Amino acid sequence: MIPEALELVARNGSSSPLLANMPSCQLSQGVHLIDQQTLIDRANEMKRHIWPDGGGTNLFAVKGQPNHWVLKTLLDAGFGLDCSSPTEIWDAAKVGTNGHPVMYTANATPWEHLEYARQNGAILNLDDDCYLDELSGKMPQIISFRVNLAKARQDGQSKIIGKATKQKYGVPVGRLIEAFRKAKKLGIKNFGLHTMYASNCRSWETHAKTLEILLGLALQLEAALGIKLVFINAGGGIGVDYKHPDDQSIKYGEDDKPFNLEMYGADANRQLAEFESVHGWRPVLYLECARYVAAPAGIWVAPIISVTQKYRRFACMAACDGADLLRAGIYPAHHHIVVLDKDFQEVKDRKIIRQSIVGPLCENIHAVSQRLLPEIRVGDHVVFSDTGCHGIEMGMNYNGWTKSGQVMHLAGGGLQLISLPQTIADIRSLQVPLNQ
């Protein structure tokens, strides 16, 4: 399947080894391959464990994988969407959500963005009560606030998101009631509550605690203002096990084990059932997970064009990690690596040595830094696992390097090109010609 995907991208691009037609040249010779059936299976798994009776759903975070083929697949599977920019609202409208919920969660948000989201049917999830002033006169039927839980908990702080007290996101817990009071005075009658506490966290207990705290805040809002929340959005951040336990070259620890979705689902439904039994009402539960759904559905494949021996050994790709998998270099983030030989067979009989895998970016970051892998040779291909989310989406065009094309392996069989490889013309198209 991999050689066919590479050929499909090459056939629809215009890469030239001599750069004969420079503007239309695609520099990357790699491919992102996404498995549609994995997306569907992951969505169904979440629904089965967390929403066995319906009534809520996952609002897939568009930022993680905004390709329209992916979004349509997940909408058809019963998910909604979480958007954080006008572009992502446009994506949602373009795909057609067919009644599935869409939430607009953003900060530093001008009125025009809020109005565009509202006109397209999105639930506005406000980052601060000051944005109510921008909506004055055009109040929606329902509104949500994002709450910052810094003073409500200390467990499970995310290294990526950082300490909650230093985040720009969300209304502080101590100001939450006043924010809802202000919204209620402006005539809003229906409310939701959202938070985002962790990122790539594989502790189901941490995520269950988030729901517990939000339900407690829901009771405070009812006691203070008579508000019964329509929904609670416990955010995303459910992690995936990027480190594979069968990889003997890395340290696999307790924190690397897979997220226990079954335990989380059982605890979440227990909490909601007990809440309803005691208080006589029950908010709908939303999540906004993207990584858990899409990361395991994708791989990135890149050819090796040279191997250099300097103070370290470097295997050099004919694709740019900064454009295609920036997260690997900047965090640095782990991705399991499989080495394929020239016949696209997994290499299993070569010596295991320490080496780095690099792209051409003029920065000293690496897709893989000093990993123990089978000796990589010219003509091999390297396969990066779990790249279906926050992979190509985070990439940059620094140095003028272009991104690889994307191909979907369809659930019914066959391959579908879902994103063309970037060309030089694509990334320089906004420059005003000198002779204008």
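Starting from 1, each residue takes its place in the sequence as its number. Computed from a predicted structure; not experimentally measured.
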At their closest point, which heavy atom of I427 faces which heavy atom of Q422, and how far apart are they? CG2-OE1, 3.6 Å
Compare every heavy atom of L229 with every heavy atom of A218, then report the nearest pair and how far apart it is. CB-CD1, 3.6 Å
With heavy-atom distances below 4.5 Å as the criterion, would you say the side chains of Q345 and L340 are in contact? no
L219 vs L215 side-chain heavy atoms within contact, under 4.5 Å: no
Aromatic contact, H207 with F259 (centres under 6.0 Å): yes
With a 3.5 Å distance limit and no angle check, can you tell me whether E393 reaches the backbone of G391 through a side-chain donor-acceptor pair? yes
So L287 and T57, do their side chains get closer than 4.5 Å, heavy atoms only? no
Which atom of A5 lies closest to which atom of V407, heavy atoms considered: O-CG2, 4.0 Å
Under a 3.5 Å distance rule, please check whether Y242 uses its side chain to pair with a backbone N or O of D256 as donor and acceptor. no
Give the intermediate values and the outcome of salt bridge (charged side-chain N to carboxylate O under 4.0 Å, His left out) for residues K257 and D241. CA-CA 6 Å; K257 291 184 178 180; D241 43 323; over 6 Å; no
Contact between V147 and L214 at the side-chain level, heavy atoms closer than 4.5 Å - yes or no? yes
Would you find a donor on one side and an acceptor on the other, under 3.5 Å apart, between the side chain of E288 and the backbone of A61? no
Hey, does T105 have a side-chain heavy atom less than 4.5 Å from the side chain of D127? no
Is there side-chain contact between N67 and L71, with at least one heavy-atom pair below 4.5 Å? no
Please check: side-chain N/O of T402 versus main-chain N/O of L27, any donor-acceptor pairing under 3.5 Å? yes
Taking A367's backbone N and O only, do any of them form a donor-acceptor pair with D321's side chain (distance below 3.5 Å, no angle check)? yes
What distance do F145 atom CZ and T195 atom OG1 have between them, rounded to the nearest 0.5 Å? 14.0 Å
Here the gap from L221 atom CG to L176 atom CG, rounded to the nearest 0.5 Å, amounts to 5.0 Å
I'd like to know whether the aromatic ring centres of F275 and W281 sit less than 6.0 Å apart in this structure. yes
Regarding S356 and Q370, is there a side-chain donor-to-acceptor distance under 3.5 Å anywhere? yes
Between the NE2 atom in H113 and the CZ atom in R118, the distance rounded to the nearest 0.5 Å is 15.5 Å
Closest non-hydrogen atoms of S144 and F231, given as atom of the first, atom of the second and distance, are CB-CZ, 3.7 Å
Check against side chain to side chain contact (heavy atoms under 4.5 Å, CB included), V368 and H334: CA-CA 8 Å; V368 164; H334 184 93; over 6 Å; no
Using side chain to side chain donor-acceptor pair (under 3.5 Å) as the criterion, list what pairs up with D35, not counting sequence neighbours. T38, H409
Exactly one of I337, V338, V339 clears side chain to side chain contact (heavy atoms under 4.5 Å, CB included) with V383, and that residue is V338
Ring of Y169, cation from R146 - is the NZ or CZ under 6.0 Å from the centre and inside 45° of the axis? yes
Using modelled atom types only, decide if a donor and an acceptor are shared between the side chain of K189 and the backbone of I142 within a distance under 3.5 Å. no
Nearest 0.5 angstrom please: C289 SG to N58 CG, how far? 5.0 Å
Here the gap from L415 atom CG to L33 atom CG, rounded to the nearest 0.5 Å, amounts to 6.5 Å
Pick from V62, I89, L75: which one makes a side chain to side chain contact (heavy atoms under 4.5 Å, CB included) with V102? I89
For the backbone of G400 and the side chain of N397, can you confirm whether one donor and one acceptor N or O come within less than 3.5 Å of each other? no
Side chain to side chain contact (heavy atoms under 4.5 Å, CB included) between N125 and Y104: does it pass, once the steps are laid out? CA-CA 6 Å; N125 186 31; Y104 186 60; over 6 Å; no
If you draw the axis of the six-membered ring of F60, does the NZ or CZ of R291 fall within 45° of it and under 6.0 Å from the ring centre? no
Under 3.5 Å, side chain of R42 to main-chain N/O of A294, donor-acceptor pair present? no
Please determine whether a side-chain nitrogen of the Lys or Arg among R175 and D128 lies less than 4.0 Å from a carboxylate oxygen of the Asp or Glu. yes
Looking only at heavy atoms, what is the nearest atom pair of Y398 and L361, with distance? O-CD1, 3.6 Å
With no hydrogens and no angle check, is any side-chain donor or acceptor of H336 less than 3.5 Å from a backbone partner on K243? no
Under 6.0 Å between ring centres: does that hold for Y264 and W204? no
Criterion side chain to side chain contact (heavy atoms under 4.5 Å, CB included) against L124, the qualifying member of L132, I188, I143: I143
Electrostatic pair K94:D91 at N-O distance under 4.0 angstrom: no
Are more than 12 heavy atoms, taken from residues, nucleotides or ligands other than W69, located less than 6.0 Å from that residue's CH2 atom? no
Sidechain-backbone polar pair: W51 side chain, Y286 backbone, donor-acceptor under 3.5 Å: no
As an exercise, state the distance from CZ of R371 to NE2 of H366, rounded to the nearest 0.5 Å. 12.5 Å
Using the side chain to side chain contact (heavy atoms under 4.5 Å, CB included) definition, which of the options I34, L410, I40 pairs with T73? I40
Do NZ/NE/NH1/NH2 and the carboxylate oxygens of K182 and D133 come within less than 4.0 Å? yes
Please lay out, stage by stage, how R48 and L261 fare under the test side chain to side chain contact (heavy atoms under 4.5 Å, CB included). CA-CA 10 Å; R48 182 172 68 254; L261 188 68; over 6 Å; no
Shortest non-hydrogen contact between P3 and F344, atoms and distance: CB-CE1, 3.8 Å
